[in-house]
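Lettering follows sequence order; numbering is per chain, from 1.
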Amino acid sequence: MSDQIKNITFNVPDGNNFLWSEWEDASVVYDKRSGHTQVLNEFAREILALFEDGPKKFDDICFELEEIMGNDLDDESLALIFQTINGFDSMGLIEPV
Amino acid sequence: MPHTDSNILINVLRNPNLMTGLSTYEWNECLREAKIAGLAGRLAADAIYLDIIEQLPLKVQNTFQSNTYKSQSSTRKIKWEINRVRRAMQGNDEKLILLKGGAYIAEELKCTQGRVSVDLDVLVAKNRIDFAEEKFLAAGWEHQVENDYDQKYYREYAHELPPMVHPERYISIDVYYTILPMTSRVKPDIQKMIKDSVISLDGFYVFSKVDMLLHNVVHLFQDEEIRSSLRNLLEQHDMFTEFGQNETFWQSLVPRAVELGLTRSLYYSLHFTKLIFQTDIPENVMTEIAPYGPGALTMGLMNWMVPAVISTTLGAGGLNRWICQNGLYMRSH
Amino acid sequence: MSDEFVPLPAKIGMVSLEMGLNWHVASDCKQYLMFHAGVVAKEGVGLIMPAASGSGKSTLAAGLSYRGWQLHSDEFGLYDMNSQELVPYPRAVSLKNESIAVMRDWVSSVDDKYNEYFTEEFHGTPKGTICYMRPHKDSIDKMHVKTRPNLIILPIFDATATPEIRPITKAMAFFRLVLSSANYGDIGKDAFLAISRIIEESEVCEIIYPNLEEAVKLVEEFVEKTSESRGQL
């Protein structure tokens, strides 16, 4: 999986498949379709929330995060976003539209 | 057939309402046999469907709950594996056909209620099998057999790729290019079955209803696991009952079996589902298949052996059972 | 069906029996959410101690059971998702290697007849030397008394450690419970909801201890420390 991930529009399929347990330092999500449980930090939780709002590409996510944070993203953040999207894809939390 | 009429598991499968009246002794018999036959989950599903769970002894309720979790988990894992295969194949319009358990789950057939599937079987066109393998490996699946000898065996003599498994999900995937080993006596024309397959879950294909039934029937008394024959027959009973709602199913059944050279297997299936589960099969279908039955001697033997094999538990043992198991086993080669 | 079983010599047949029991519970009691954990209870406290083998959780659970706690299990925590309670399973405690002498010593200090509670030692099993210990009479008498879980302690044995109670986050406790569960993945949604509820209702910590005596003190200390917050639930 390389940079081609950046050109794929992903969404959270079918809706309503996630169950959440929210704790002070992390969110735990159970996906009814896969039966898998994942722990997300606040950053990852925010990115998944953006996908839950509607289909998006890598650039859309970056744009929205810049809006939320009020400044430009540095290279480290961009790499982290890329990694997170890649991770969500392999966990099946998001799927290509 | 006195063999089957006295078998408590078969009686309960025929009429699940009997469950509300079983004694502790009968439950012990019934659950033990169900467990050996891989049908405990099926009894649980029947009890849930009939809404009689709460009338059953608490220990039975616990056992059924346990088995319900098992089958639900298996169904969820298979469905998810189907989803992951689709993701792996994204961007290619490869025609992938789900076989057996995977197909039954995709089509939500009655026979999947309480059923446990442990692997996923997929069929691709023979000339696309290397491409499919490449895609699986790129998406993280790994070969389960590593040594060259076994790899060679699968590729040259079996009718499938060496089984692959994804290290995070543990469902074994078998990719076939035909439905029976190259060495098999019967050789149904797989191209015809592929051509008639229909679209199903997640962009996957499944065999048409008649072919799906015939594919199940092909394995009847062929696999070495004779013990799973009761489960096989029950699946066929379910399919006859479910698909048979549609008149065209019955009309095309025997002609298709003739076309694919699977008449003998279909004959046994119709004969034994009717005998054991009292399946509602139209008289004209029985007449139509009759000429394809075996000679009187073989049929006599089969009538003696089959019910004995499928209605005798492991624990009951004895010479009679040994002869039945081994007689059938040898026959099936 | 039983391919996993390795034949053992007749003289260590007891070990086969234990393995068979474990196998059956693990494969046929999926109606319970199962934790690989020591579980004990006392006066409304339901304590789960999830841990890997070698953490000393078996010895700790057995040790607590001879100091006033009800033994649910030294390694099979069973949770009934309908009643939301821990289900006792006080079968003989399987003691391994060094823990055999530790428990003999531990039990002998409170009961003169301690020798009657231990079987002979079985040498050369796949897990080394094994000895079975009868649970305390009170635990057997109460084998039908269930308890709601409200305390999670992750035990860490370290012979050189200074005894200490360390805070952990609830998300961490959540994941340790998930990882310790043999059938979380099979049960799915109900298991997720159950563990969420258990963590919600529990006080959680990690203890590091050099010996059984210190471990029991730390457990009692944490129980005492959290008595008020547990009272509020």
Give me a line-by-line list of donor-acceptor atom pairs from chain A to chain C that are under 3.5 Å apart, or tell me none exist.
{"unit_1": "A/Ser21", "atom_1": "OG", "unit_2": "C/Ser196", "atom_2": "OG", "d": "2.5"}
{"unit_1": "A/Asp25", "atom_1": "OD2", "unit_2": "C/Thr169", "atom_2": "OG1", "d": "3.4"}
{"unit_1": "A/Tyr30", "atom_1": "OH", "unit_2": "C/Lys189", "atom_2": "N", "d": "3.0"}
{"unit_1": "A/Thr37", "atom_1": "OG1", "unit_2": "C/Tyr184", "atom_2": "OH", "d": "2.5"}

Practice item. Can you sort out the partners of A/Asp74 under side chain to side chain contact (heavy atoms under 4.5 Å, CB included), two or more places apart, ordered by chain and number? Key: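 Checked A/Asp74 against side chain to side chain contact (heavy atoms under 4.5 Å, CB included); matches are A/Glu76, A/Ser77.
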**Study point:** Set of side chain to side chain contact (heavy atoms under 4.5 Å, CB included) partners for A/Met69, sequence neighbours left out
**Key:**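 A/Met69 satisfies side chain to side chain contact (heavy atoms under 4.5 Å, CB included) with A/Asn71, A/Leu73 once adjacent residues are dropped.
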Exercise for review: Answer with side chain, backbone, both or neither: which region of C/Ile195 has an atom nearer than 4.5 Å to a non-hydrogen atom of chain A?
Suggested key: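 Contact with chain A involves no heavy atom of C/Ile195 at all.
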Revision key, fill the gap. On a heavy-atom basis, the closest approach of A/Val29 and C/Phe192 is C-CE1, 4.4 Å
Study note, to complete from the structure: residues 52-81 of chain A vs ring pair (Phe, Tyr, Trp, His ring centres under 6.0 Å), sequence neighbours excluded, gives none
